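Scope of the values below: all heavy atoms of this structure, side chains included, with no hydrogens, waters or symmetry mates. So that the names make sense, note that chain A is the first sequence line, chain B the second, and so on, each numbered from 1. Values in this document were obtained by computation on a predicted structure and should not be read as measured data.
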Amino acid sequence: MADKAADNMAVAAGGDDNGHGGEDEVLEAPVRGSADELLDAGAHAPIDAMRHSTAHVMAEAVLDLFPGAKLGIGPAVENGFYYDFDLSRPLTPDDLALIEARMAESVRADHPFVRREVGFDEGRKLEAEAGQAFKVEILDDLAKKAVEAGGPMPPVTFYEHGPFRDLCKGPHVESTGRIGPFRLLSVAGAYWRGDEKRPMLQRIYGTVWETQEQLDQYLWRREEAKKRDHRKLGRELDLFSFHDVAPGAAFWHPKGWRVYQTLRNAMRELQDRRGYEEIYTPPLVHQKLWERSGHWEHYRDGMYLVDVEDQWFSLKPMNCPESSFIYRSKLRSYRDLPLRLSEYGVLHRNELSGVLSGLTRVRHFVTDDAHIYVRPDQIAAEIEGLMGEIRESYSWFGLTPTLTFGTRPDKALGDPATWEETEALMRGELERSGLAYREKPKDGAFYAPKIDIQVTDALGREWQTATIQVDRLMLPERFDLSYIDEAGTQQRPVAIHRAIYGSLERFIGILVEHFGGAFPLWLAPVQAVVIPIADRHVPAAQELAAELRAGGVRFVEVDDSDNRMQNKIRLAQGQKVPYMLILGDREVEARSAAVRKRGAGKDVPQEILPWAELAARLGEEIRERRLG
RNA sequence: GCCGACAUAGCUCAGCGGUAGAGCAGCUGUUUCGUAAACAGCAGGUCCUCGGUUCAAAUCCGAGUGUCGGCUCCA
């Protein structure tokens with residue numbers, strides 16, 4: 001923990017993670033895999049008791065099939081359970097089927113779960129004799145804790161069913177027969193106690209539910225999530241690709257880049273309205289800047305270094321230090337504030353190879369970053385403005401943001417009274433914003449309280465997008481920022497780090513999955529396809545396309561292939577194009593088009609609209625960023 | 001980075017010691033068609049890379065790279 005805190009202390013201006021991939025600086029992370037946590041398998045809700053019981057049954061099956069297997073821990077988790085094992089060989093998917101079959105036998109046998117409590121020494125002896133080294137370790141930790149607390153040795157509880165016994169706090173279902181329909185899902189490596197220095201165990205994940213219907217529903221949701229996987233849709237919709245010559249960096253295809261630009265332009269339009277000014281600073285920056293910001297000392301491993309004439313430069317992992325150079329490029333008056341500098345800077349972070357994943361975890365990305373320099377008395381008003389920006393921009397996607405307010409951690413820098421003052425301001429604005437928020441005490445950055453933005457997508461999955469931090473210390477102090485107040489004296493400004501989308505890459509990944517590739521008209525890379533029924537209708541189709549473009553529908557295609565109309569419809573459908581406009585003799589004659597709208601059911605009567613009206617309607621739908 | 005799995009045509013996949021296959025997409029030709037796949041032909045591959053075993057390797061072994069599922073990390 002101490003090391004971790006030290007790292008964070010040194011991050012200096014580096015505070016704004018701005019939502020790239022994730023999380024915050026955890027100063028007070030719970031000790032993972034602590035003995036208490038290990039024993040208390042999280043089985044509190046009734047369904048969790050069943051999930052945890054299923055984990056026991058799975059351990060029984062594994063022990064049966066792999067004599068000598070050592071058991072790690074096996075808690076209930078969201079939607080299911082897992083159990084960690086140390087086995088003589090790697091598991092294969094075929095093994096899962098075998099284990100499942102063996103589990104089914106145990107369920108049929110309907111063994112009762114029996115709780116047994118013994119003295120500490122006897123319990124430890126039982127596990128030691130069984131060769132369960134990990135369990136012994138858990139017990140020794142418990143004993144150590146008891147000694148430290150000056151208390152007596154705790155008793156040890158086991159749960160037994162049939163031939164199987166496990167160190168466990170419970171609770172469990174009555175008997176194995178009470179276990180509902182289950183399915184083993186996957187095998188993965190997991191460090192013992194989450195510590196990369198400890199042995200790697202094999203973790204089997206499974207899911208179990210009260211009813212077959214619930215299991216089917218869950219498996220369906222998994223399938224649906226797979227179908228919406230942005231990596232798959234990105235290929236199918238020709239949005240982007242990845243190549244081994246640049247791991248962790250997307251190659252944006254024309255259609256993907258349309259989405260990217262549309263998204264960025266929407267934010268630029270909002271920022272113009274809100275008085276932001278856009279800047280651009282160099283991506284390659286000298287070592288001395290990173291020394292000053294603290295990155296050099298503590299994040300060098302995560303930075304891409306470039307040797308230029310025997311001097312070290314780094315591709316920037318964040319924008320804020322450079323933003324401060326522009327702030328300091330001239331003397332600032334209190335009248336200049338708030339100064340809102342936005343930047344779509346190209347950032348590089350050398351993420352570990354194993355964590356890369358599509359657009360959601362990349363090494364090269366761009367954030368809709370901004371640094372807002374304000375006087376202390378302007379903080380509240382600025383936050384209020386930011387809350388409005390968040391509410392508005394997320395409404396473009398039909399997403400409801402949830403905010404998480406992280407307050408002063410124990411190891412915070414600076415004066416607690418100042419912290420409390422800032423927090424009170426922020427809390428007040430959170431309340432007033434009407435947005436849903438939860439407070440996570442002590443979850444702020446060590447130099448600034450922060451607000452994280454999360455969204456829940458159409459499948460109910462939560463994603464972290466961006467972060468707002470009210471920084472009165474790091475950027476202002478480390479980079480010695482000042483302004484001249486009414487009295488002519490130097491004052492420190494406050495720097496608000498903020499992003500709304502966070503990483504554009506990640507945000508597009510989320511949107512692709514949220515919409516399942518069916519982007520609303522304003523965001524769609526192909527907004528309309530004009531489908532001439534026969535070749536003789538092609539010239540009219542071109543005319544219609546031109547009229548639509550003139551009306552503000554930028555991305556219109558004419559399918560003049562010699563496919564039959566049916567196939568053209570099928571292809572456009574597969575590309576999830578919002579509007580198909582079909583032209584045959586009747587329509588050309590009347591200068592109209594048959595409108596086939598994406599998602600409209602068969603029972604909806606088809607509209608035939610004049611070209612001019614179509615252009616006007618679609619143009620309006622785009623300008624208003626309607627969701628369709 | 002760690003554990004495991006995977007890598008064959010643009011895509012989805014089959015082949016698993018004996019000179020590389022399908023469907024879709026592509027190209028060419030025919031077809032000009034009324035709301036989710038017209039017909040025919042052609043072309044397309046250092047079987048991820050490097051090394052090894054073997055008379056013979058897409059296939060077996062090793063290393064590397066990338067991807068996927070997790071773990072750890074995430075300024």
Side-chain angles (χ1 to χ4, degrees), chain A residues 4 7-26 29 32 82 84 86-87 89-93 185-205 229 231-232 235-236 238 241-248 290 293-295 297-303 316-318 320-321 347 349-358 361 363 445-447 464 467 469 474 497 531-538 560-574 580 582-587 594-596 600 602 606:
Chain A
K4 213 170 222 175
D7 274 5
N8 282 322
M9 302 277 280
V11 175
D16 65 344
D17 180 13
N18 279 349
H20 165 61
E23 290 306 68
D24 17 303
E25 326 48 61
V26 181
R32 297 184 67 123
Y82 68 79
D84 289 342
D86 187 15
L87 301 173
R89 66 164 175 85
L91 289 166
T92 67
L185 298 173
S186 60
V187 189
Y191 297 111
W192 168 236
R193 294 192 159 184
D195 181 348
E196 60 184 317
K197 293 183 194 68
R198 307 299 305 273
M200 176 71 74
L201 307 180
Q202 298 189 63
R203 173 171 299 177
I204 305 178
Y205 283 94
D229 190 319
R231 295 167 294 195
K232 178 172 136 74
R235 186 170 47 241
E236 289 173 1
D238 198 15
S241 54
F242 286 89
H243 303 276
D244 61 3
V245 291
W290 307 116
S293 72
H295 289 81
E297 195 181 349
H298 294 278
Y299 284 97
R300 202 186 325 179
D301 287 350
M303 292 165 44
K316 62 178 172 184
M318 55 191 10
C320 28
L347 307 181
R349 296 181 185 183
N350 188 11
E351 304 285 355
L352 295 176
S353 58
V355 308
L356 300 177
S357 177
R361 195 69 188 271
R363 287 175 170 160
F446 67 98
Y447 57 88
Q464 161 89 21
T467 300
Q469 295 171 345
M474 295 318 304
H497 309 244
I531 298 180
I533 290 176
D535 281 355
R536 62 178 177 280
H537 308 123
V538 170
D560 59 359
S561 69
D562 63 357
N563 282 325
R564 295 173 65 202
M565 177 200 61
Q566 280 87 335
N567 200 24
K568 294 177 182 180
I569 289 173
R570 179 172 170 272
L571 292 172
Q573 197 88 19
M580 289 178 230
I582 296 165
L583 294 182
D585 289 333
R586 295 195 295 269
E587 289 79 11
V595 181
R596 193 182 162 118
K602 289 213 167 81
Q606 189 164 37

Closest listed nucleotide, where the reference is the side chain of A:L352 and the choices are B:rU72, B:rU35, B:rC71: B:rU72

Ion pair check, A:D229 and A:R231, cut-off under 4.0 Å: yes

Side chains of A:M565 and A:I531 in contact at under 4.5 Å (non-hydrogen atoms): yes

Rounded distance in Å - CG (A:N563) to C1' (B:rC27): 14 Å

Earlier contact from the 5' end, RNA chain B, for A:S353 and A:L91: A:S353

Sugar-phosphate only, base, or nothing, as touched by A:D535 at under 4.0 Å among non-hydrogen atoms: base

Gap in Å between the two P atoms, one belonging to B:rG64 and one to B:rA25, rounded: 41 Å

Short side-chain N/O contact from A:R235 to OP1 or OP2 of B:rG10, under 4.0 Å: no

d(CD, A:E351; C1', B:rC71) in whole Å: 15 Å

Phosphate contact (B:rA38 OP1 or OP2) by A:R564 side-chain N/O below 4.0 Å: yes

Options B:rG34, B:rU67, B:rG69, nucleotide nearest the side-chain atoms of A:M565: B:rG34

A:P247 and A:L356, any side-chain heavy atoms less than 4.5 Å apart: yes

Nearest-neighbour nucleotide for the A:D562 side chain, B:rA38, B:rC74, B:rG69 considered: B:rA38

Sugar-phosphate, base or nothing in reach of A:R231, heavy atoms under 4.0 Å: sugar-phosphate

Separation of B:rC71 P from A:D86 CG (nearest whole Å): 18 Å

Donor-acceptor pair, side chain of A:R203 and main chain of A:A188, under 3.5 angstrom: no

C1' gap between B:rG17 and B:rA58, integer Å: 10 Å

Sugar-phosphate only, base, or nothing, as touched by A:Q202 at under 4.0 Å among non-hydrogen atoms: nothing

Side-chain donor/acceptor of A:R361 to base of B:rC74, under 3.5 Å: yes

Watson-Crick or G-U pairs under 3.5 Å in RNA chain B, rendered as dot-bracket with [ ] for crossing pairs and | for another strand: (((((((..((((....[..)))).(((((.......))))).....(((((..]....))))))))))))....

Nearest-angstrom distance, C1' atom, B:rG41 to B:rU46: 29 Å

Rounded distance in Å between the P positions of B:rC48 and B:rC16: 16 Å

Toward the 5' end of RNA chain B, by each residue's nearest nucleotide, A:A594 or A:S357: A:A594

Presence of A:Y205 side-chain N/O under 4.0 Å of B:rC71 phosphate oxygens OP1/OP2: yes

CA sep, side-chain torsions, deciding dist, call: A:H295, A:M318, side chain to side chain contact (heavy atoms under 4.5 Å, CB included): CA-CA 10 Å; A:H295 289 81; A:M318 55 191 10; 3.0 Å; yes

Check: A:Q573 and A:R596 side chains under 4.5 Å, non-hydrogen atoms: yes

B:rC27 to B:rG51 separation - P atoms, rounded to the nearest Å: 37 Å

Distance, rounded to the nearest Å, where A:R193 contributes CZ and B:rC71 contributes P: 18 Å

Same-atom distance (P) from B:rC50 to B:rU65, integer angstrom: 15 Å

Between P of B:rG70 and CG of A:L185, the distance in whole Å: 10 Å

Sugar-phosphate only, base, or nothing, as touched by A:G302 at under 4.0 Å among non-hydrogen atoms: base

Nearest-Å distance once atom P is located in both B:rG15 and B:rU67: 26 Å

Sugar-phosphate only, base, or nothing, as touched by A:A572 at under 4.0 Å among non-hydrogen atoms: nothing

A:Y191 backbone acceptor or donor facing A:R198 side chain under 3.5 Å: no

A:H537 and A:E587, any side-chain heavy atoms less than 4.5 Å apart: no

Touch class at under 4.0 angstrom, heavy-atom based, for A:Q566 against every strand present: sugar-phosphate

Any A:R363 side-chain nitrogen or oxygen under 4.0 Å from OP1 or OP2 of B:rC74: no

Quiz item: A:E587 side-chain donor-acceptor pair to B:rG34 base, under 3.5 Å: yes

Value in whole Å for how far the P atom of B:rU72 lies from CH2 of A:W192: 13 Å

Touch class at under 4.0 angstrom, heavy-atom based, for A:P247 against every strand present: sugar-phosphate

Integer-rounded Å distance: B:rA37 C1' and A:I531 CD1: 13 Å

Under-3.5 Å donor-acceptor pair between A:R536 side chain and B:rU32 base: no

Proximity to the side chain of A:D244 - top-ranked nucleotide from B:rC33, B:rG66, B:rU35: B:rG66

Derivation of the side chain to side chain contact (heavy atoms under 4.5 Å, CB included) call for A:W290 and A:E297: CA-CA 8 Å; A:W290 307 116; A:E297 195 181 349; over 6 Å; no

Nucleotide B:rG69, atom P - distance to CG of A:D84 in whole Å: 19 Å

A:I533 vs A:I582 side-chain heavy atoms within contact, under 4.5 Å: yes

Side chain of A:R596 (C-beta onward), nearest among B:rA37, B:rC2, B:rU35: B:rU35

Proximal nucleotide (of B:rC71, B:rU67, B:rC2) relative to the A:L356 side chain: B:rU67

Options B:rC11, B:rU67, B:rU72, nucleotide nearest the side-chain atoms of A:Y191: B:rU72

Flag, side chain of A:Q202 to backbone of A:R89, donor-acceptor distance under 3.5 Å: yes

Whole-angstrom distance between B:rG69 and B:rA38, as gauged at atom P: 36 Å

